Amino acid sequence: MSAINKLSVGIRKFHTTASRLRKYVELTAVRYPLLKRGNFSFLSDRHLGFFQSILSAHQVLTDELNDLSGYNVDWMRSVRGSSRLVLRPKTTEEVAAILQYCNVQNIAICPQGGNTGLVGGSVPVFDEVVLSLELMDEVISVDELSGVTIVQAGCVLEKLETVLHLSNLALPLDLGAKGSCQIGGNVATNAGGIRLLRYGNLHGSVLGLTAVLANGQIMDCLNTNKKDNTGYDLKQLFIGSEGTLGVVTQVALQCQPKPSSVQVGFFGLNSFENVLETLRLSKRNLGEILSSCELIDQSSLECVTKQLELRSPINNFPFYMLLETAGSNAGHDAEKLNSLLEILINNGTIVDGTLAVDSAQAKNLWGLRERISEALACEGYVYKYDVSVPIRQFYQLVDDIRIRLGNLPIRCCGYGHLGDGNLHLNITSHEYNPILLNRIEPFVYDWVGQERGSVSAEHGLGLKKRDYMEYSKSPTAIHWMRRVKKLFDPNNILNPYKIFPEQSSTD
Amino acid sequence: MSLRILVGCKRVIDYAVKIRVKPDKSGVITEGVKHSMNPFDEIAIEEAVRMKEKKIAKEIVAFSCGPTQCQETLRTALAMGADRGIHVEVSGPEYETLQPLHISKMLAKLAKDEQIDLIIVGKQAIDDDCNQTAQMTAALLDWPQATSASKIEAKDGSLQVVREIDGGLETIKVKLPSVVSADLRLNEPRYATLPNIMKAKKKPIKKLAPKDLGVDVSPRIQVVTVEEPPVRQAGAKVENVDAVVEKLKALGHA
């Protein structure tokens, strides 16, 4: 392509992204009129004066002097709060002082990391004060031998990854948002990602953390031992609590040796049966070196290649799979992978595909999977569902929804962490359409509930999915979750309006 | 036209790897480090394959010089569409001091032995950044050269090449046989797809020693020391312009 063509293509791409960013976002309070603001204090000059007395000027952002829209609007541009104040502490002690004060003054707080969450959990619903961890971004220590890193909650995941690489270590998690998301947020949401298949989830890889409770008490659980059976493991409560039980300020993470040999393959298949067979044989024949197994359907690939002008090695297949292996011996890994591919090609399970020959190709192939979310957002409004379903039924939901919605949406597509049974179902329309939404919900949740799946596999509940907790958790469990919340945060100042369904009078 | 094209493919450390210097400062660490084909050579192979698809070329010979692992590099070239490979094996200390002149001599000899009409190489390798091989090969063969090519068109027994130069773009016509070096914007290399990767396993790779081509690879240079670039000094932030001026004065810059 000549240089001139590339330039105009670049301009076109910028325009698409820029116009997406300029799209108007309605206030959450307007879009969800049934939501009622809690009985929290309204921010006063006196409150502001206190915060300014304990923090430096650049740590206190008010709406009079700053544009707070970046803190009030989520990444998906689907919800907008009306916070008038953003606090940016630099130490755990500052977080403690802020929370202690807010607890007494009854000021609602919305803890915020990288603001890349997809369920409206990271931005205020009304005028909650945003507590941003972005200035607490240091990597405190890395121990190459034990693989343990201690890091502040506001450290961007990609930055942590870069630092770890210097010690030949790798993160136990990886996700498309890593350039913006923060490790504290990852822990608070129990983020999954593309390597969960290999390294497990954060409940296992977080060895310890420091959290500040609603009353300002600092809960030191910053253990770095792999094994510690000395009482209740309270840190587990904070992992996945979505900022409702405490604010995580430091994390001790178990990292793995950086694999010296990573192979990425991208394949086209003609049927979902072939996909399942590939998964089965991959697990069996690749064994311990398998690190990712992702599915992309035809519609998702079409969207990501078209909207972001990316190149795919193969086209016109109903299903695509991205396989990644990670190990310590390139020859051994290549042999395993090539033997597997030979079997799958010879019996027609895989029809075509490619293996990345260098890092550039590996990055581009991963881009076809990791940038689907971004591409979908370019089409207009995205109805996003992140569900766990039995692997055999992994794609059935997409087929069923597609038939049900007919011509209403622009597209229905499915992609996701096949190896973990975690499907990302996405539907797009030009603008938010409540009629379309009503045809999708509660159908999707009923479908998943019937399979005893999870209505939110990794994205969490936040604001947008809070009403669906009941599809995947029993009433007893929900009852006791509320009691734990009440115990840790009696005044409900930590991320109110999130994760719990509207309280019924019988609760 | 039915050209026989010779393409040079160098095995280099993958561009994404963080290079580390050996503790004894004798070189960079290559053991256990990811290697791949020099990106400019990928572009060269891609151009040759496109010429074959357009029926301008009839055969593509991929060449690589280095240790045993160069066979992987050649397999990638074969998977992209080259017909056969030639591996000149050099390893150990002689490989550390191998220079573009050695490669040029090998390419020149092969061009004569294999009756090559066109040699395409990447304009430079990402490890040594020499940008010499194409030029020296052309000189040894007394063939015309078109370096830093961003577009190649075959017309009536010669090539019309658009070159990227400092001032912009230069279009020249070179008669065949000639040597061309590929620049970044010449093309976007294809992914080698599985059926071709499988076929490539059966394509022949001929193994030669440098002396088979009459090339002496004994070192002409000696590596004295290899060091990391100096660590970048941290900057300092100040509050306002007056403070900037003060700091500059204090550091002796104003």
Side-chain angles (χ1 to χ4, degrees), chain A residues 1-7 57-58 162-163 165-168 258-269 309-315 317 326-331 333-334 337-338 340-346 349-365 368, chain B residues 9-20 29-43 45-46 68-69 71-80 126 150-151 162 164 168-169 183-202 237 239:
Chain A
M1 210 196 288
S2 77
I4 298 297
N5 279 351
K6 270 219 168 106
L7 184 64
H58 72 285
T162 309
V163 171
H165 280 351
L166 296 173
S167 301
N168 271 321
K258 181 166 179 302
S260 54
S261 157
V262 174
Q263 317 261 3
V264 178
F266 189 86
F267 310 110
L269 305 98
E309 265 129 25
L310 300 180
R311 190 174 57 130
S312 169
I314 47 176
N315 287 293
F317 286 98
S328 53
N329 185 322
D333 292 1
L337 187 54
N338 284 320
L340 172 69
L341 288 177
E342 221 157 308
I343 297 173
L344 291 171
I345 292 174
N346 286 337
T349 309
I350 288 182
V351 178
D352 203 352
T354 189
L355 286 173
V357 296
D358 57 27
S359 311
Q361 284 191 353
K363 186 160 164 240
N364 290 335
L365 290 174
L368 292 172
Chain B
C9 311
K10 187 177 183 185
R11 176 178 180 264
V12 297
I13 295 179
D14 189 283
Y15 90 99
V17 169
K18 176 138 182 18
I19 306 292
R20 307 247 185 115
I29 298 176
T30 55
E31 190 75 29
V33 165
K34 185 171 170 69
H35 284 68
S36 46
M37 193 194 297
N38 182 34
F40 292 104
D41 298 341
E42 268 185 61
I43 295 173
I45 289 274
E46 173 66 24
T68 324
Q69 297 95 317
Q71 307 238 349
E72 284 157 35
T73 313
L74 286 170
R75 289 284 166 215
T76 304
L78 295 170
M80 283 174 74
I126 59 170
S150 65
K151 191 170 159 82
V162 178
E164 297 209 358
L169 300 173
D183 206 332
L184 192 63
R185 278 161 281 269
L186 179 59
N187 61 51
E188 210 179 335
R190 65 192 59 199
Y191 288 100
T193 53
L194 289 177
N196 292 324
I197 295 176
M198 297 293 147
K199 269 191 242 165
K201 296 194 181 156
K202 305 209 177 71
K237 268 191 182 163
E239 290 299 314

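So you know, we letter chains A, B, ... as the sequences are listed, proteins then strands, and number each from 1. In this text, all values refer to a predicted model and were calculated from it rather than measured experimentally.
If you measure heavy-atom distances from A/N364 to chain B, the contacts under 4.5 Å come from both the backbone and the side chain. Only the side chain of B/T76 has a heavy atom closer than 4.5 Å to any heavy atom of chain A. For A/A360, the parts lying near chain B are the backbone and the side chain together; criterion is any non-hydrogen pair under 4.5 Å. Neither the backbone nor the side chain of A/F266 comes within contact range of chain B; no heavy atom of the residue lies under 4.5 Å from a heavy atom of that chain. In this structure, the portions of A/L365 lying under 4.5 Å from any heavy atom of chain B include both its backbone and its side chain. At a 4.5 Å heavy-atom cutoff, B/P39 makes no contact with chain A through either its backbone or its side chain. For B/E72, no part lies near chain A; criterion is any non-hydrogen pair under 4.5 Å.
In this structure, the separation between CE on B/M198 and CG on A/N346 is 7.5 Å, given to the nearest 0.5 Å.
Closest non-hydrogen pair, B/I197 versus A/L355, comes out as CD1-N, 4.1 Å. Nearest approach of B/R20 to A/L166, heavy atoms of both residues: NH2-O, 3.4 Å.
Within the 4.5 Å cutoff, the side chain of A/N338 has heavy atoms near those of the B/K201 side chain. At least one side-chain heavy atom of B/L194 sits under 4.5 Å from a side-chain heavy atom of A/F267. The side-chain heavy atoms of A/T354 and B/R190, taken from C-beta on, include no pair separated by under 4.5 Å.
Interface summary for chain B: among A/H165, A/K363, A/R311, the most heavy-atom pairs under 4.5 angstrom belong to A/R311. In terms of heavy-atom pairs under 4.5 angstrom with chain A, the leader among B/V33, B/T193, B/N196 is B/T193. Note: A/S359 leads A/S359, A/A330, A/S261 in heavy-atom pairs under 4.5 Å with chain B.
Atom NZ of B/K34 has more than 12 neighbouring heavy atoms from other residues, nucleotides or ligands inside a 6.0 Å radius.
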